[in-house]
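To start, the structure itself, in structure tokens.
Chain identifiers are assigned alphabetically (A, B, ...) following the order of the sequence lines, protein sequences preceding nucleic acid strands; residue numbering begins at 1 within each chain. If you're wondering where the values come from, they're calculated on a predicted model, not measured in any experiment.
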Amino acid sequence: MFKKILIANRGEIAVRIMRACRELGISPIAVYSEADRTALHVRLADEAYLIGPAPSIESYLKIDRIIEAARRSGAEAIHPGYGFLAENAEFARAVRDAGLVFIGPRPEAMELMGSKTNARRAAQAAGAPIVPGTTEPLRSLEEAREVAARFGYPVMLKAAAGGGGKGMRLVQSAEDLPSAFATAQSEAASAFGDPQVYLEKAVARPRHIEIQVFADEHGNVVHLGERECSIQRRHQKVIEECPSPIGDPDLRARMGEAAVRIARAAGYVNAGTVEFLVSDETREFYFLEMNTRLQVEHPVTELVTGIDLVREQIRVACGEPLSFAQEDVCWTGHAIECRIYAEDPENDFMPSPGRIAELRVPTGPGVRDDGGVYPGAEVSIYYDPMISKLAVWARTRGEAIDRLRRALDEYVIEGIKTTLPFFRAVVRDPEFIAGRLDTGFIERFNRRRAEAQTEVDGDAERDMAIIAAALASMKRRTETRFEQTDGRSATSAWRMAGRIAFTR
Amino acid sequence: MFKKILIANRGEIAVRIMRACRELGISPIAVYSEADRTALHVRLADEAYLIGPAPSIESYLKIDRIIEAARRSGAEAIHPGYGFLAENAEFARAVRDAGLVFIGPRPEAMELMGSKTNARRAAQAAGAPIVPGTTEPLRSLEEAREVAARFGYPVMLKAAAGGGGKGMRLVQSAEDLPSAFATAQSEAASAFGDPQVYLEKAVARPRHIEIQVFADEHGNVVHLGERECSIQRRHQKVIEECPSPIGDPDLRARMGEAAVRIARAAGYVNAGTVEFLVSDETREFYFLEMNTRLQVEHPVTELVTGIDLVREQIRVACGEPLSFAQEDVCWTGHAIECRIYAEDPENDFMPSPGRIAELRVPTGPGVRDDGGVYPGAEVSIYYDPMISKLAVWARTRGEAIDRLRRALDEYVIEGIKTTLPFFRAVVRDPEFIAGRLDTGFIERFNRRRAEAQTEVDGDAERDMAIIAAALASMKRRTETRFEQTDGRSATSAWRMAGRIAFTR
Amino acid sequence: MKILAEVEGQERALDIERDGERFIVELDGRRYALEASEPEAGVYLLIHEGKVYECRVREEARGQFRVSLRSRDYAITLRDPRRLRSASNSAGGAAGRASIAAPMPGKVVRVLVERGAQVEAGAGVVVVEAMKMQNEMRAPKAGTVVELNVREGETVNAGDVLAVVE
Amino acid sequence: MKILAEVEGQERALDIERDGERFIVELDGRRYALEASEPEAGVYLLIHEGKVYECRVREEARGQFRVSLRSRDYAITLRDPRRLRSASNSAGGAAGRASIAAPMPGKVVRVLVERGAQVEAGAGVVVVEAMKMQNEMRAPKAGTVVELNVREGETVNAGDVLAVVE
């Protein structure tokens, strides 16, 4: 087993990987940008190396600096997490060339699957159905116009090198195409260093369901079932479940087999995810893309299968065979994950960077939180605004929703806006509870919510809020008075007075 | 289903029960003593009623005040938690007489099993083996001396009304008997209001293994397997596991059947636990006692069976049938729980009350924390010093220990002494890792530890600690300077200066 | 003591007195006798007739508080009635003018219109990138772009006026 | 600046200077160039040659610090060498006398010996109840109970001397 692993990432996923390292008795090594000097992943590491200024292009995307940090620390392997360099074949190759182990697939498989257009061709060759669309990047706006006219609107523009919703735009009509094309290209260039985009027919009311696969270097390829990821905003998932509420073991088996076939065809090793669109009506499924890395939403699969995917990634990268065969994998109960973003759900999910003034994470039965922050931490403008993932497990989907509602109500984050209020409303939504999900869920949900306008026990609560503010103001006044009379011991004097005034 | 439940308890178990209420959509009602005005269980409740001064005899043990609070709030049921009035048949009867539902067994079953001596007779009648000893309380020290001489030392003194290690003393020889007898009686009187004690032959190197049972009002009685609770200090459990590392499904089945037989004989309803001593060599087991309540260590059973015991308790109290049959119960993976006590493990587990200056609870995969405190909370001298229970789950015992080690290392509690350093050493102990557990474990472990005296990378760490103290001292000095020059904005001015001095 | 509170656009009169262990509050004619404690800095735990209200209070500016209670947020402005009323009538929005302000710090990656251009309501004006997401800032109303204060590549702070449509 | 530190019974000389982004420290002849930050109040994050040291520091009394680092605790006393040495030589334990102090606040439930009694080392002297546990306070050495300061039913504070054996 490795003695030291360098984690080429930040935030919650760096923390998650460090936890797996600790459990395996491996020393975790961090890298960090100037904006992350006091970040949680640095605090939890055994060693940490500065790799550059805040913008990721000058730090977390700097291949040479990361490999140099690995050399200095004596790390034997590098885990890329997700995002940043996780699906960059050049990075995987550079790691290999430096005599280190890349914890993930071989660069060749990444290249094949990393290009969304190549991947579509490969899936087609492996006999998996694909969404109608181009298998080559678009050369011009002109070509985009032609192809879109051929399939008929709505169409979807996607980054050839991309994933995670970056560089992706749904286009409803021909007028919207020019601006969407420019924005998608520019976002793709900024996110992946490659402006190429391609085009697909948009499927009506699709479910977004993905299959987790795992392969070792000994020819074993196993699938770990599906995740339902239909609830998305800006083509980025916000709620994921395992199993899908669609509840169709036969569909799982068919999709699982297709995913294993695609992984085998790509010579895939380590953890990967094959994404499909599933038509809610016909139960037909179409290959979308393969993510050649650990997914954000891996916890729901872990909760339902009991398998620690990061532990397994490290073992497999070390050359060990998979610790389970296909027939060992069983799915128990139901798991749901909510991505807690520093965003304002009341304002079109606009990012809300800032200092986390207060943080209280729910615990207790069936609750798991994978966070990357601490009370007082800064959520920076430079990186993805996801600060934590809240996941729950219970015997049934109904009990899991009960538990999620309870955990969301316990969760406290102050100082910045987050998606918590949005999730608190979702878990009380009858459509969500009934499991009627597709990628248009949030739009319809927001409409329902605007129409509903619930009013609750307002009077007493508002009065209590006013009284609390008044008490705080009285306390501040006392504090000021103490400071004026006795400058040096202001705080402690107040504290005592505060105790007397409020707790007796 | 109930609309409101009053929780006649405090600390982590009150919080645990409130979480189950929230998940079922039930409004939780708290009661509190004057020492608990700002306790976590009050903060998390919808309603809270003051029931008396700090000493539990004047508050949490006051039956009439608790029932009065239930009446005022309109609660339909009372959950007693564990400890306090949980095994008090008089309380259960008073609750019933007030027209409320007691969430637990009927008073008749509590009375039968609550008296340890009656329980031994009942178990014997149901065909379960019992430890040689008296089935009647001892009338005098004289009688104790005679009986002890008959069985031969060592013997065990136990409170007839008791449980949880209160009023329990191991007596090695005849000289120790008088003082042990007096202390056991006095502790029993103070803990349970009943000084009666009885005597058992002490089994050599016994494992302490208990069986969780659950019964509904429709005649279904099911067992949920065993918990290994051999690691004890002062006859109180500190680490519990499910399943037992003994790993013997046949033994589980035999003990499970015996436990179900005893529960049936007692006309038992709701959750209960049948405790056994198991001889490590012969695999013989002896009935010890039945706890007619939810156990502290219920989370390990929940983690391995997936069943929420508190949710089930509430459903069964409401008259619903058990949500599972014996054949539905299966045991997946391995769970271990550590009880985090405010005690000094370096000083004979002496209680360490005080203010929790800092609290950082581990999260991430497979970790569950059931806590009753928050940063800044006071651990009072009036109540049990357990502040939290850390439990982990993984596929195997080995992986669970890996996870527990990681979680313990992440856990931060400042301001008071806790059992965390003790647990951090236990999870690294070869005997513990090998699963060689019996009730003498801690004594032998402490001997091994004293002999070992590990010395680590001391120099650099000590130097860094000194440097950190020096930086803190420099910061304080700057702070004072700022206060002197600009009294009013002392704190904010410093904070800015601090950022400049340390984070740039 | 007497305090004036403004919340949700309405002014309310408040009178708080201590009475031994409790606080007696009169608020718009409603009378509350309650227990209050501060378990943590900024957290006020109020118990009134058994009902528990845990309020998290932050003073965002002098006299301006944000209170969250059961996942709901209240913006509350307090005034001591003995003091002068603060002249807090802000300049207000000049009729017919609508400005587009940066909602967060970020970088301008694209300017989609020129000064003097005619725009429809909802038309993209400036694209700002922050946290790896590009956000198109749109015209809040139809009109002429009379101010355009940023160029591509510039960084902006939250609240900076990027453009004004009239 | 120069500081004297006492830790684990030994005195160590410390010199800390800032050098741009870093702190340069000399400690007993060892030289460290390190990065320091304070992510949270009382938490000092030091990075030296890549190694991460997260120290939690509490000042328990003026100049007396408790630092925890990787589950280990250090008691550290700091002095500014320019100031007068604190006359902190405590009275020390009078030879032959051993006192039994209450380790925590609690209630005396039983006194097991009388003043003047002869006790063996390890013999029970007083039983104190706290947090529902009864703890027998034992004689730390053999001798005569020369002081017995408590009676049954009395409450005691942490550090109170319950009895003295000589």
Side-chain angles (χ1 to χ4, degrees), chain B residues 56 83 165-166 179 182-183 186-187 190-191 234 236 341-344 347-354 357-358 379-385 408-409 412 414-415 420-421 424 456 458-477 495 498-499 501-504, chain D residues 1 3 5 7-8 12 14 16 18 21 23 25 27-28 30 32 34 36-46 48 51 53-59 63 65-74 76-78 80 103-106 109-110 112 124 127 129-136 158:
Chain B
S56 46
K166 310 275 163 70
S179 114
T183 312
S186 145
E187 233 179 70
S190 134
R234 290 194 220 110
Q236 236 185 9
Y341 283 101
E343 292 181 349
D344 184 0
N347 188 11
D348 205 21
F349 294 97
M350 196 67 89
S352 169
E358 181 61 83
V379 180
S380 134
I381 60 158
Y382 293 105
Y383 312 112
D384 188 90
L408 287 164
D409 288 350
V412 175
E414 296 271 323
L420 282 172
R424 290 188 187 117
V456 284
D459 253 27
E461 295 202 356
R462 195 196 48 233
D463 283 1
M464 292 301 151
I466 296 171
I467 293 167
L471 291 173
S473 146
M474 285 160 71
K475 174 178 157 176
R476 208 227 321 104
R477 220 164 294 187
R495 211 158 269 164
R499 288 274 150 213
F502 294 114
T503 65
R504 286 190 59 176
Chain D
M1 71 181 294
I3 296 173
V7 59
E8 291 166 359
R12 293 169 192 280
L14 187 72
I16 300 194
R18 262 202 92 184
E21 300 274 306
F23 287 86
V25 182
L27 207 167
D28 275 2
R30 289 183 293 279
Y32 299 103
L34 43 83
S37 60
E38 192 186 6
E40 296 176 74
V43 178
Y44 291 82
L45 184 66
L46 311 181
H48 175 248
K51 295 242 177 349
Y53 301 87
E54 180 170 287
C55 306
R56 290 180 180 268
V57 183
R58 273 181 304 143
E59 186 164 9
F65 297 85
R66 185 159 293 274
V67 181
S68 70
L69 169 55
R70 293 191 190 138
S71 315
R72 237 183 117 168
D73 259 32
Y74 299 86
I76 296 168
T77 306
L78 297 184
D80 185 336
M104 70 206 128
V109 290
R110 223 160 29 258
L112 304 172
V127 180
E129 182 176 292
M131 297 171 123
K132 299 286 115 189
M133 291 301 305
Q134 298 198 354
N135 301 288
E136 202 173 66

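Proximity to chain B is absent for every atom of D/Val127, based on heavy atoms less than 4.5 angstrom apart. For a residue to count as touching a neighbouring chain, one of its non-hydrogen atoms must lie under 4.5 Å from one of that chain's; by this rule B/Ser179 touches chain D with the side chain only. For chain B, the nearby part of D/Leu34 is the side chain; its heavy atoms alone come within less than 4.5 Å. Neither the backbone nor the side chain of D/Arg66 comes within less than 4.5 Å of any heavy atom of chain B.
Ranked by heavy-atom pairs shorter than 4.5 Å toward chain B, the options D/Leu27, D/Asp28, D/Leu45, D/Leu69 are led by D/Leu27. With chain B as partner, the option from D/Glu8, D/Glu59, D/His48 having the largest number of non-hydrogen pairs under 4.5 angstrom is D/Glu59.
B/Glu343 contributes atom CD, which lies 12.0 Å from atom CG of B/Leu420 (distance to the nearest 0.5 angstrom). With values rounded to the nearest 0.5 angstrom, D/Glu40 atom CD is found 6.0 Å from D/Arg56 atom CZ. Atoms CD1 and SG, on B/Ile466 and D/Cys55 in that order, are 10.5 Å from each other to the nearest 0.5 Å. Rounded to the nearest 0.5 Å, atoms CD (D/Glu54) and CE (B/Met464) are 14.5 Å apart.
Judged by distance alone, with hydrogens and angles left aside, the side-chain atoms of D/Arg12 form no donor-acceptor pair with the main-chain N or O of D/Val7 at under 3.5 Å.
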